[in-house]
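Below is one structure, written out as C-alpha cells; comments come after it.
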Amino acid sequence: MTVWTLSGFGDEIDPDPVVQLAVLSALGARHLELRSAWDVNVVDLDESQLETVKSLLDERNMAVSAIASPIGKVSITDDPDGERDRLRRAIGAAHRLECRYIRLFSFYRPETSTPEQIRDEVLTRMRDWATTAEAEGVVLVHENEKEIYGDTPDRVRDIVEAVGSPALRVAWDNANFVQVGVRPFTDGYAMLRPYLEYLQVKDAIAATGVVVPAGDGDGELKETLTALRDDGYAGFASLEPHLALQTATGGFSGPAAFGRAARAFAALTDEIGVQTR
C-alpha cells in the first residue's frame with residue numbers, strides 16, 4: 001500500500017497556530033507547512049515565537065513538513081542581500097523546528113524583460129542559495145508560481161539542471177501550472193518527475209484561473225497522483241487550497257473550506273488506493 005504524509009498550510013486555516021494544528025489534526029494530518037503564525041511570516045518569526053510553535057507541535061506530537069518561505073517571490077532587480085538574509089532566517093527556522101525542506105521561488109521579472117534576459121541572474125542567485133543549503137543540510141524545493149522565471153515545466157527543469165545541486169529540488173503545484181496555460185501531467189510530469197520531491201495540493205480552472213478543490217479543475221490531479229503512486233512517490237502531500245482568497249503573497253481558506261479541500265483530496269487518494277497519514 002502506498003502511503004503519503006499529509007500536511008497543509010496552517011495559515012490558510014487561521015492566523016493562530018493553535019487553531020491551525022487543531023484543524024490539521026482533526027483532518028488526520030500530523031504535519032504543518034509553516035508559512036506564517038499570528039500573521040507573521042515564518043522568516044520574520046523571532047526566537048520566542050519559534051519556541052512557542054515548537055512547543056505547540058511537541059505537545060501534539062506533530063511536526064513541520066516545510067518552511068513555506070517567500071524567498072525569491074520578489075523582482076530579480078531587488079538587492080540579492082535581502083533574499084540571502086531571508087534564506088538564513090528560513091534555515092534557522094528549519095533547524096529549530098527540525099524540518100528538512102524550505103519552499104522558495106525564482107523571481108519575478110520586470111515587465112520589459114523576457115525570461116531569457118533574466119535567466120543568468122536567476123541561476124547565479126539560485127546556485128548561491130543551493131550552496132548555502134548544502135552546507136546547512138537542508139533541501140530547497142522550488143515552487144512553480146505563476147509569473148516567476150520558473151513558472152513553466154521547461155524553465156523549472158532548466159533551473160534544477162543548471163544549478164545541479166542535490167539541495168535544490170521541485171515542489172510540484174498543479175494549479176499554478178494551469179494558471180500559466182500548462183496541462184500539468186500532459187506537459188510537465190515526465191520532464192520534472194526525476195526532480196519532484198514535494199507535492200502541493202490544489203487545482204484550478206483553465207478558463208478563469210480560479211482555484212478549486214483537488215479534482216474539480218483542469219489540473220489533471222488524478223493522472224498526476226496515479227503516476228506518483230506508480231512511480232513510488234512516498235513524500236509529503238501538502239494542502240494549499242486558496243479557496244477563499246488568493247494573493248501574490250499567499251492564500252486563505254478558513255477551517256470549513258480547508259476541510260472541504262481535504263475531503264476532495266482524500267476522495268482522490270481513496271480512489272487510486274493511496275493512504276495518507
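When reading the values below, keep in mind they use all heavy atoms of this one structure, side chains included, and skip hydrogens, waters and symmetry mates.
In this structure, the separation between CZ on R193 and CG on L228 is 5.5 Å, given to the nearest 0.5 Å. Rounding to the nearest 0.5 Å places CG of L168 at 10.5 Å from OG1 of T131. Rounding to the nearest 0.5 Å gives a distance of 9.0 Å between CG of D44 and CD of Q49. Note that CD of Q200 is 6.0 Å distant from OH of Y198, once rounded to the nearest 0.5 Å. Between L104 atom CG and L87 atom CG the span is 7.0 Å, to the nearest 0.5 Å.
The side-chain heavy atoms of L268 and L221, taken from C-beta on, include a pair separated by under 4.5 Å. E220 has its side chain within reach of T186: a pair of non-hydrogen atoms, C-beta onward, lies under 4.5 Å apart. Inter-residue side-chain proximity for L199 and Y233 is flagged as met; some heavy-atom pair is nearer than 4.5 Å. Considering only heavy atoms from C-beta on, I148 stays 4.5 Å or farther from F107 through its side chain. Residues E240 and E33 have side chains not in contact (no heavy-atom distance under 4.5 Å, counting atoms from C-beta outward). The shortest side-chain heavy-atom distance between E197 and R100 falls under the 4.5 Å cut-off.
Considering H142, R119, R155 as possible partners of S106, the one that fulfils the side chain to side chain donor-acceptor pair (under 3.5 Å) test is H142.
L225 and F236 fall into different hydrophobic clusters, defined by Ile, Leu, Val, Met, Phe, Trp and Tyr side-chain heavy atoms under 4.5 Å apart, directly or through other members. Under a hydrophobic clustering in which Ile, Leu, Val, Met, Phe, Trp and Tyr are joined whenever their side-chain heavy atoms come within less than 4.5 Å, directly or via other members, L27 and F9 fall into different clusters.
For E223, there are no salt bridge (Lys or Arg N to Asp or Glu O under 4.0 Å) partners at least two apart in sequence or on another chain. By the side-chain contact (heavy atoms from CB on, under 4.5 Å) test, V274 pairs with T2, W4, R229, T269, I272, sequence neighbours left out.
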Evaluation steps, side chain to side chain donor-acceptor pair (under 3.5 Å), between S25 and R30 | CA-CA 6 Å; S25 180; R30 307 307 304 164; 3.1 Å; yes
Residue pair Y195, E161: steps toward the side chain to side chain donor-acceptor pair (under 3.5 Å) verdict = CA-CA 9 Å; Y195 314 110; E161 292 185 349; 2.5 Å; yes
Tell me, with the steps shown, if E51 and R96 meet salt bridge (charged side-chain N to carboxylate O under 4.0 Å, His left out).
-> CA-CA 8 Å; E51 286 297 328; R96 182 65 199 94; 2.4 Å; yes
From CA spacing to verdict: salt bridge (charged side-chain N to carboxylate O under 4.0 Å, His left out), R84, D81 = CA-CA 5 Å; R84 288 194 193 100; D81 287 342; 2.5 Å; yes
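Between E83 and R125, no side-chain nitrogen of the basic residue sits less than 4.0 Å from a carboxylate oxygen of the acidic one, so the salt-bridge criterion is not met. We find that R88 and D85 are joined by a salt bridge, their nearest charged nitrogen and carboxylate oxygen being less than 4.0 Å apart.
The local environment of CD in E47 is sparse, with at most 12 non-hydrogen atoms from other residues, nucleotides or ligands closer than 6.0 Å. Applying the 6.0 Å contact sphere to NZ of K54 captures more than 12 heavy atoms from other residues, nucleotides or ligands.
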